[in-house]
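Questions regarding the structure given below will be posed in turn.
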Amino acid sequence: MSDETKKPKEQYTAEPQWRYNAALAQDIELKWQKEWDDTGAFYAANVKGNLVNGKGDHAGTQKPYFAIDMFPFPSGKGLHVGHPLGYIATDMMSRYHRMKGENVLHAIAFDAFGLPAEQYAVQTGQHPRITTEENIANMRRQLHRMGLSFDSRRSFATTDMNYVQWTQWIFSQIYNSWYDPTFTRPDGGQGSARPISTLIDQFTNGTRSIPGHAGAQWSDLTTREQEDVLNDFRLAYISKAPVNWAPGLGTVLANEEVTADGRSERGNFPVFKRQLRQWSMRITAYGHRLIEDLETVDWPDKVKAMQRNWIGESHGAAIHFDVDRVADGLDIYTTRPDTIFGTTFMVISPEHPLCEKAPAEWPVGVPEQWTGGYDSPLEAVRAYRQADEAKSAADHVSDGQTKSGVFTGLYAINPVTGQQLPIFTADYVLMDYGFGAIMAVPGGDQRDYDFATTFGLPIVYTVLPQGVIVDDLDGSQPMVTKVGTVINSATESTAHGQQPLSLNGQSVADATSTVITWLEEEQIGNGVTSYRLRDWLFSRQRYWGEPFPIVYDEDEVPHLLPADMLPVRLPDVPDYTPKTFDPDDASSNPEAPLSRNTEWTTVQLDLGDGLKTYHRETNTMPNWAGSCWYYLRYLDPQDDTYCVDPSEEAYWMGPDHNATAGKSGGIDLYIGGVEHAVLHLLYARFWHKVLFDLGYVSSSEPFHKLFNQGYVQAYAYTDSRGQYVPAAEVIETVEGSYHQFEWNGEMVNREFGKMGKSLKNIVTPDDMYEEYGADTFRLYEMSMGPLAESRPWNTKDVTGSLRFLQRLWRNCINEQTGLSTVTDEAPDLKTLKLLNKTIAEVTDEMEGMRPNTAIAKLIVLNNHLTSLPAVPRAAVEPLILMVAPIAPHIAEELWNRLGHDESLAHADWPVADPQYLGADLVTAVIQVKGKVRAKLEVPSDITEEDLRDRALHSEGIEKWIGTLPPRKVIVKAPKIVSIVPSE
RNA sequence: GCCUCUGUGGCGAAAUUGGUAUACGCAGUGGACUUAAAAUCCACCGCUUCGGCUUGCGGGUUCGAGUCCCGCCGGAGGCACCA
């Protein structure tokens with residue numbers, strides 16, 4: 001009995017079989033993903049070789065479009081909904097360009113070496129190769145479920161041996177190159193990487209003298225001596241300069257990996273400056289080109305500015321100062337040589353070699369505070385240097401006006417004035433910028449001023465500051481009184497036989513060039529360009545990275561392994577965990593895990609002069625190495641002859657490959673987070689330029705168009721104790737403008753920021769697939785707001801995206817039968833006009849990568865179709881095609897159910913018919929004193945006179961303009977009439 | 001401190017060269033359908049003392065300013081002893 005009463009109710013309430021809900025979406029999505037895989041729908045065709053498109057063809061005359069994301073790191077945690085934002089955008093653009101008939105290369109690889117993978121492996125007790133592979137498998141599954149149109153044949157991980165081999169090969173090319181700043185490149189530019197053999201030729205035939213061995217023959221030098229000379233030229237070289245040592249991480253780090261407060265970006269450990277022997281890349285040789293060529297790429301201004309700031313090119317002068325009793329004297333760098341008359345003391349870095357020349361006795365009459373309380377300059381300087389070494393990078397930054405330092409007991413001579421200047425050592429002068437020494441001008445520089453006031457040193461002003469009257473400073477001669485004019489800067493002195501110099505009355509810019517010319521004539525100094533950018537520290541004391549293709553002989557001379565010995569495989573080691581230390585233990589020393597396998601480190605090789613014993617380099621490369629060139633490997637992933645075949649690189653990335661790419665060439669679209677603005681993007685540009693100089697690639701820049709997607713942010717909730725509560729369970733109530741949040745009957749506070757496990761606010765793509773389906777998820781991500789902006793995730797808003805797809809589905813499909821309901825009758829004029837307007841506008845939005853506004857317009861069209869008694873095929877088919885890049889599965893299914901046998905992946909993007917674009921009637925607005933007072937329906941081709949006339953006589957307008965003739969009437973036909981009434 | 005960017009309804013956000021501010025979505029309100037609810041469909045939805053007032057605040061340019069200029073205030077990001 002009860003069964004009978006229930007049964008009809010159930011039948012009644014059950015959802016129709018063909019309602020577009022999460023379950024149906026899943027069926028559709030899995031079906032089409034399989035179809036795409038089976039038919040190779042997204043296979044991109046190469047020029048030659050075995051990579052052809054799904055139809056079996058090589059690239060023909062089709063325009064190429066190469067669009068990729070910054071590839072992911074295969075994390076053990078998997079993805080949350082914030083991660084795929086960029087991937088969906090790139091996929092949308094790839095699908096759009098495919099429908100425009102272009103040959104689209106869209107692929108993904110995995111950045112699988114590096115610290116986090118290693119740490120994850122340590123936690124799980126498994127070999128990093130195993131955990132890395134598991135993580136990649138999980139990530140592939142999550143990404144595949146999203147329906148991203150990758151060419152699956154072009155996917156790889158940076159840890160694949162076949163890839164490592166070519167990473168090592170590129171290192172070899174860099175190692176075997178030097179930078180010749182005078183060489184004219186084939187593209188007409190000055191300066192180029194060249195094979196090191198061309199440098200050896202110059203040494204051998206005497207066209208270049210051998211540094212440190214003047215007059216010697218190259219062949220007379222020992223192998224050791226030759227290598228030492230070459231090391232100073234190689235683009236990958238062994239550096240003995242101060243490096244960043246993080247004991248808590250157990251490895252050294254690049255400058256780019258150290259935060260502003262002197263801690264490691266990963267792990268937040270203190271970083272110490274240490275003199276350690278490490279591999280370095282001479283990226284500074286490319287400083288100018290890395291700035292200059294930013295002009296040739298289509299990047300956000302913000303990222304360009306960040307790279308310019310990071311490289312920090314500045315123009316100034318190198319000036320030589322004689323030093324009492326020290327033959328070599330002292331060279332300094334300044335950007336303000338015009339202020340040399342205001343120099344009242346000198347400062348050298350504690351690491352500066354001149355510190356070692358500190359005398360054993362204080363000069364007579366030295367103020368107490370200059371001595372630091374020590375009995376001699378020698379002791380004072382030694383103590384100051386020791387204290388300096390123990391400081392972490394963070395402790396070096398002085399707080400405000402207090403500056404530390406000590407007098408060296410030495411005096412320099414101002415080459416312009418002949419004045420004696422005390423030389424101090426202080427840690428505010430850095431050894432690795434300029435010459436590690438400055439001329440201090442307390443009248444012009446805040447830091448010098450702070451130091452001068454601390455140590456009671458004189459202050460001289462040489463540039464007229466605001467509000468100072470000229471006669472007070474220099475009444476002796478008549479002068480212009482302009483702020484920024486150089487004053488107090490003249491010498492009659494000819495003590496060294498120099499020409500007198502006066503800068504008085506000149507502008508700073510003029511004075512600067514005057515003094516540089518003078519310095520060059522007198523051979524005291526010269527104009528130089530300096531960079532903030534340091535060479536790139538390239539070795540790490542880690543297990544999970546690429547081994548260097550380098551061995552050392554018994555004299556510690558490095559030898560490069562030839563290409564046929566690559567790849568150098570990572571050996572097994574008894575323990576691959578990094579050796580870490582007390583984070584504050586500055587005296588600790590790095591230990592490379594690879595050195596633990598002594599069977600591997602010692603090796604017998606024949607490198608051309610018989611079998612000899614060598615030991616291997618035990619450092620590994622930083623994980624930036626793999627990300628420096630992976631985009632090239634997509635083009636030609638299986639090549640055994642080249643890292644990328646030149647003809648493939650020319651087709652996909654060359655300067656002529658695509659009208660959008662401009663003269664630099666490069667990838668058509670590269671989407672990723674702004675956090676890589678000065679790390680990956682700078683390093684990759686550098687490697688690419690070396691490969692360009694050496695003739696391996698034809699594009700001078702790797703990434704022609706760069707786009708930074710915003711971050712997906714999320715709300716998190718804390719209870720009264722400050723503990724995070726599960727965000728999904730929080731109930732929000734709104735009263736007026738007042739919002740309340742409740743969890744388990746308790747009021748909780750809302751905060752806004754990242755999505756993270758500890759914040760209990762993670763939403764995963766898997767959650768979305770289950771509740772809404774991949775298409776709804778993709779659509780929501782694209783409709784949240786402008787792609788470049790960060791936006792908060794709001795799961796409840798996702799329903800709006802689902803409703804749009806449901807309505808689209810219902811417009812085409814009978815929910816009971818699953819059959820098409822569209823009519824083949826022609827659409828009415830209103831529909832045609834809206835359709836063509838939508839096509840024109842959505843095309844425009846897609847070109848500008850504004851999916852949020854594109855979607856709004858698609859919804860408007862769809863809502864209009866909903867209001868029609870029957871949905872015309874001619875209107876809904878273009879709509880389906882336009883939805884396809886964003887929600888591809890439902891689009892394919894509808895396309896199929898409407899009777900198309902072919903996938904729409906390569907269908908033609910709709911084109912607007914111009915005859916429906918112009919409007920016959922438009923609304924003209926009548927403004928009086930800038931306020932809208934009336935509206936008129938007028939023909940769109942109305943003349944200005946006509947419109948003016950009709951506006952002035954329109955109903956009710958005299959109420960606003962009065963009876964007097966208006967003072968002024970502006971007409972912009974057919975939209976605006978602006979009336980200024982007489983008073 | 002220096003360099004970028006940003007500020008519009010209850011919320012996410014639109015507004016192409018200065019030309020009808022608030023498209024589209026969420027939330028909300030009312031109605032139709034239903035025994036009822038959900039779903040769906042239709043309508044409304046900045047504030048207002050009904051004069052008007054509204055794009056963080058104060059000025060300016062203009063017939064007309066969210067948009068351009070000057071000065072503040074708030075928010076985000078980057079760099080930071082770089083001579």
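Treat the numbers as computed from the prediction; the structure is a model and nothing was measured.
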Searching all strands shown, indicate the nucleotide that pairs with B:C79 (Watson-Crick or G-U wobble; both distances under 3.5 Å).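 Partner of B:C79: B:G1.
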
Same-atom distance (C1') from B:U6 to B:U17, integer angstrom: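 About 23 Å, rounded to a whole number of Å.
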
Which comes earlier along RNA chain B counting from the 5' end, the contact point of A:Ser783 or that of A:Val977, where each point is its nearest nucleotide?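 Between the two, 5'-proximity favours A:Ser783.
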
Is the phosphate of B:C41, meaning OP1 or OP2, less than 4.0 Å from a side-chain N or O of A:Arg810?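 The answer is yes; a side-chain N or O of A:Arg810 sits under 4.0 Å from OP1 or OP2.
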
Rounded to whole angstrom, note down the P distance from B:G51 over to B:U55.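 Between the two P atoms, the distance is 22 Å.
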
Looking at A:Arg532, does any N or O in its side chain come under 4.0 Å of the phosphate oxygens OP1/OP2 on B:A80?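 Yes, because at least one side-chain N or O of A:Arg532 sits under 4.0 Å from OP1 or OP2 of B:A80.
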
Residue whose nearest RNA chain B nucleotide is more 5′ - A:Ser867 or A:Val928: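 Nearest-nucleotide comparison on RNA chain B picks A:Ser867.
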
Closest to the A:Lys796 side chain, choosing from B:A21, B:A27, B:C63: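 It is B:A27.
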
Closer than 4.0 Å, any side-chain N/O of A:Arg850 to the OP1 or OP2 of B:A13?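 No, A:Arg850 has no side-chain N/O under 4.0 Å of OP1/OP2 on B:A13.
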
Around atom NZ of A:Lys837, are there more than 12 heavy atoms of other residues, nucleotides or ligands at under 6.0 Å?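 No, the 6.0 Å shell around NZ holds no more than 12 heavy atoms from other groups.
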
Under 4.0 Å, heavy atoms only, any strand: does A:Ser801 hit a base, just the sugar-phosphate, or nothing?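 The residue A:Ser801 makes no contact with any strand.
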
Just compare B:C79, B:U20, B:G25 and give me whichever is closest to any side-chain atom of A:Trp310.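 So the nucleotide nearest the side chain must be B:C79.
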
Consider the side chain of A:Tyr433, meaning its heavy atoms from C-beta on, and name the nucleotide among B:A83, B:U20, B:G12 that approaches it most closely.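 Taking heavy atoms from C-beta onward, the closest nucleotide is B:A83.
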
Span that lies between the P atom of B:G10 and that of B:U49, in whole angstrom: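 That atom pair is separated by 16 Å.
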
Closest approach to the side chain of A:Asp797, judged atom by atom: which nucleotide of B:G25, B:A13, B:C79 is it?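 Selected nucleotide: B:G25.
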
Expressed as a whole number of Å, how far does the C1' atom of B:U67 sit from that of B:U8?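 Each nucleotide's C1' atom is 12 Å from the other's.
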
If you look at every strand shown and take non-hydrogen atoms under 4.0 Å, does A:Asn852 touch a base, only sugar-phosphate, or nothing?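 A:Asn852: backbone/sugar contact only, no base atoms under 4.0 Å.
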
Mind checking A:Thr334 for me? I need base, sugar-phosphate or nothing, with any heavy atom below 4.0 Å counting as a touch.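 If one applies the 4.0 Å heavy-atom cut-off, A:Thr334 turns out to touch the sugar-phosphate alone, with no base involved.
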
Any base atoms under 4.0 Å from A:Lys302, or only sugar-phosphate, or nothing? Heavy atoms, all strands.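 If one applies the 4.0 Å heavy-atom cut-off, A:Lys302 turns out to touch the sugar-phosphate alone, with no base involved.
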
With C1' as the reference atom in both, quote the distance from B:A13 to B:G25 in angstrom, rounded to an integer.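 B:A13 and B:G25 have their C1' atoms separated by 8 Å.
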
Whole-angstrom distance between B:C41 and B:C50, as gauged at atom P: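 Result for the P pair: 39 Å, nearest Å.
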
Closest to side chain of A:Asn309, choosing from B:C41, B:C3, B:A83: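 Out of B:C41, B:C3, B:A83, the nucleotide with an atom closest to A:Asn309's side chain is B:C3.
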
Mind checking whether A:Tyr717 and A:Phe741 have parallel, tilted or perpendicular rings, split at 30° and 60°?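 A:Tyr717 and A:Phe741: tilted rings.
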
P-based separation of B:C2 from B:G71 [nearest Å]: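 After rounding to an integer number of Å, I get 13 Å for this pair.
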
Can you tell me if A:Arg308 touches the phosphate of B:G78, counting only side-chain N or O atoms and a distance under 4.0 Å to OP1 or OP2?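 Result: no.
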
With P as the reference atom in both, quote the distance from B:G19 to B:U4 in angstrom, rounded to an integer.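 Looking at atom P only, B:G19 and B:U4 are 26 Å apart.
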
RNA chain B contacts made by residues 855-863 of chain A, counting heavy atoms under 4.0 Å: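 Residues of residues 855-863 of chain A under 4.0 Å from RNA chain B: A:Ala856, A:Ile859, A:Val860, A:Asn863.
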
